[in-house]
Number of protein chains: 2
Amino acid sequence: MHYPNVFDGKCPTRVVLDRVGDKWAVLILLLLAAGPLRFNELRRRIDGISQKMLSQTLKSLERDGLVGRKAFATVPVTVEYSITPLGLTLYSAVDSLRLWAETHLGEVAAAQQRYDGGQGMSEAA
Amino acid sequence: MHYPNVFDGKCPTRVVLDRVGDKWAVLILLLLAAGPLRFNELRRRIDGISQKMLSQTLKSLERDGLVGRKAFATVPVTVEYSITPLGLTLYSAVDSLRLWAETHLGEVAAAQQRYDGGQGMSEAA
DNA sequence: CAGGATCCGAGTCGATACTG
DNA sequence: CAGTATCGACTCGGATCCTG
């Protein structure tokens, strides 16, 4: 049996799943996978994100060793974020989920329509 | 480029990631992967879950075609939930993340301690 | 430019009570 | 047994203001 104590949330798998479930974290990982970026650069790229969430998510990612932070003591201060090798491996793991999504997208959508049409039947709202 | 419109949340990948990030959904999938279960049976097994979340999560999973629901018109009503083939494929995809977690758990933990020790330095709380 | 601190609305979840 | 409906506690996330 390969799942030890999954039922009391302390299981390490949960940490990973939480990260993966985090919208912004995945997006950031995605962007940084293409190359290092600065704070406001990231902010502009993602755009939907607030400064708070960006900062917060970056800190989490940095804490987990998934992204690296490098500060340059220039005049207005320059900070560069980059993905770590570890982060890269996670990203490729997440990619397998992306693959699942793309592969089974049709089946899920079909199931949803079947469900909504069969039980809900009130599409007027 | 294999990631089309990931930035405006409509992308199907998000749906999958949200499911995977859902604590209860994964747990339910895990339990049902071992065999069909009834509502209260699931509730007892997971135990930390409220009936609201269980019911709600089951409905989501059913809607996505990941679990199946079968009601028997017995006296006190019997409902049996089971994982679908589709759900099984998702579960095995999630398993690859579990694998990642187990493999890199040490690295993540080390990074966290490094981070907490280096910047936070208040371990007394 | 990079980010901390705060306020606050919206959504989430659990506990409870009730139904078929 | 298998749920639904409601309410309150809490958390999350966005907007804003401010600092170095």
Side-chain angles (χ1 to χ4, degrees), chain A residues 7-9 14-15 17-28 31-32 36-63 67-82 115 118-122 125, chain B residues 7-9 14-15 17-28 31-32 36-63 67-82 115-116 118-122:
Chain A
F7 292 96
D8 49 55
R14 266 260 54 81
V15 179
L17 293 183
D18 284 344
R19 271 279 159 288
V20 168
D22 184 346
K23 178 182 177 180
W24 303 126
V26 174
L27 248 24
I28 291 175
L31 281 178
L32 293 185
L37 289 171
R38 305 217 312 285
F39 189 88
N40 281 298
E41 186 61 29
L42 272 170
R43 172 132 79 134
R44 242 158 304 163
R45 298 278 196 106
I46 304 188
D47 175 66
I49 199 172
S50 65
Q51 168 272 330
K52 179 184 179 181
M53 288 317 293
L54 179 55
S55 158
Q56 185 175 305
T57 307
L58 281 172
K59 259 203 288 194
S60 295
L61 290 172
E62 187 194 354
R63 192 176 106 97
V67 315
R69 196 192 106 116
K70 210 156 84 171
F72 302 93
T74 55
V75 181
V77 172
T78 303
V79 178
E80 191 182 81
Y81 289 95
S82 56
Y115 185 91
Q119 335 282 345
M121 77 187 58
S122 56
Chain B
F7 292 98
D8 48 55
R14 267 260 54 82
V15 178
L17 293 183
D18 284 344
R19 271 280 160 290
V20 169
D22 184 346
K23 177 182 179 181
W24 304 126
V26 175
L27 248 24
I28 291 175
L31 282 178
L32 292 185
L37 289 171
R38 305 217 311 287
F39 189 87
N40 281 298
E41 186 61 30
L42 272 169
R43 172 134 80 132
R44 242 160 298 154
R45 298 278 197 106
I46 305 186
D47 175 66
I49 200 173
S50 64
Q51 86 290 27
K52 178 184 177 180
M53 288 316 294
L54 179 54
S55 159
Q56 186 175 305
T57 307
L58 281 171
K59 259 203 288 196
S60 295
L61 290 172
E62 186 193 354
R63 192 176 106 94
V67 315
R69 196 192 107 116
K70 210 157 83 169
F72 302 93
T74 57
V75 181
V77 172
T78 303
V79 179
E80 192 183 80
Y81 289 95
S82 56
Y115 185 91
D116 294 344
Q119 336 282 347
M121 77 187 59
S122 57

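A note on names: the letters A, B, ... follow the listed sequences, proteins ahead of strands, and every chain is numbered from 1.
- Atom pair A:Trp24:CH2 and D:dC12:P shows a separation of 16 Å (rounding to whole Å applied).
- One interatomic measurement links the two molecules: CD of B:Glu41 to C1' of D:dA2, which rounds to 14 Å at whole-angstrom precision.
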Taking N or O atoms only and anything under 3.5 Å, show me the protein contacts with nucleotides 9-12 of chain C, one pair per line.
none

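- A 4.5 Å side-chain heavy-atom check between B:Leu32 and B:Tyr81 finds at least one atom pair inside the cut-off.
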After noting the C-alpha distance and the side-chain angles of A:Arg14 and A:Asp18, does the key distance pass the salt bridge (charged side-chain N to carboxylate O under 4.0 Å, His left out) rule?
-> CA-CA 6 Å; A:Arg14 266 260 54 81; A:Asp18 284 344; 2.9 Å; yes

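- Using a 4.5 Å cut-off on side-chain heavy atoms (C-beta onward), A:Val79 and A:Lys70 make no contact.
- OP1 or OP2 of D:dT4 sits under 4.0 Å from a side-chain N or O of B:Ser55.
- Remark: B:Arg44 is in phosphate contact with D:dC1, judged by side-chain N or O atoms under 4.0 Å from OP1 or OP2.
- The phosphate of C:dA2 has OP1 or OP2 within less than 4.0 Å of a side-chain N or O from A:Arg38.
- Put simply, the side chain of A:Leu37 does not reach to within 4.5 Å of the side chain of A:Ile28, judged on heavy atoms.
- Spacing between atom CG of A:Leu58 and atom C1' of C:dC1 amounts to 14 Å, rounded to whole angstrom units.
- In this structure, B:Thr78 and B:Arg38 approach most closely via the heavy-atom pair CG2-CD, 3.1 Å.
- Taking atom NZ of B:Lys70 as the reference point, atom P of D:dA2 lies 15 Å away to the nearest angstrom.
- For the pair B:Leu58/B:Phe39, a side-chain contact is recorded, criterion being any heavy-atom separation below 4.5 Å from C-beta on.
- Rounded to whole Å, the distance from CD on B:Glu80 to P on D:dG3 is 12 Å.
- A close approach under 4.0 Å does occur between a side-chain nitrogen or oxygen of B:Tyr81 and OP1 or OP2 of D:dG3.
- Nucleotide D:dC12 holds its P atom 15 Å from the NZ atom of A:Lys59, rounded to whole Å.
- For the pair B:Arg19 and B:Leu61, the minimum side-chain heavy-atom distance is below 4.5 Å.
- In this structure, the NZ atom of B:Lys23 is 14 Å from the P atom of D:dT11, given to the nearest Å.
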Between protein and nucleotides 15-20 of chain D, map the contacts as a letter string: B base, S sugar-phosphate only, - none, heavy atoms under 4.0 Å, written 5' to 3'.
-> BB----

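- Following rounding to the nearest Å, B:Phe39 (CZ) and C:dT19 (C1') show an atom-to-atom distance of 14 Å.
- In this structure, the side chains of A:Arg63 and A:Ser60 stay at 4.5 Å or more apart for every pair of heavy atoms.
- The closest donor-acceptor contact from the side chain of A:Arg45 to the backbone of A:Glu41 lies at 3.5 Å or more, if one exists at all.
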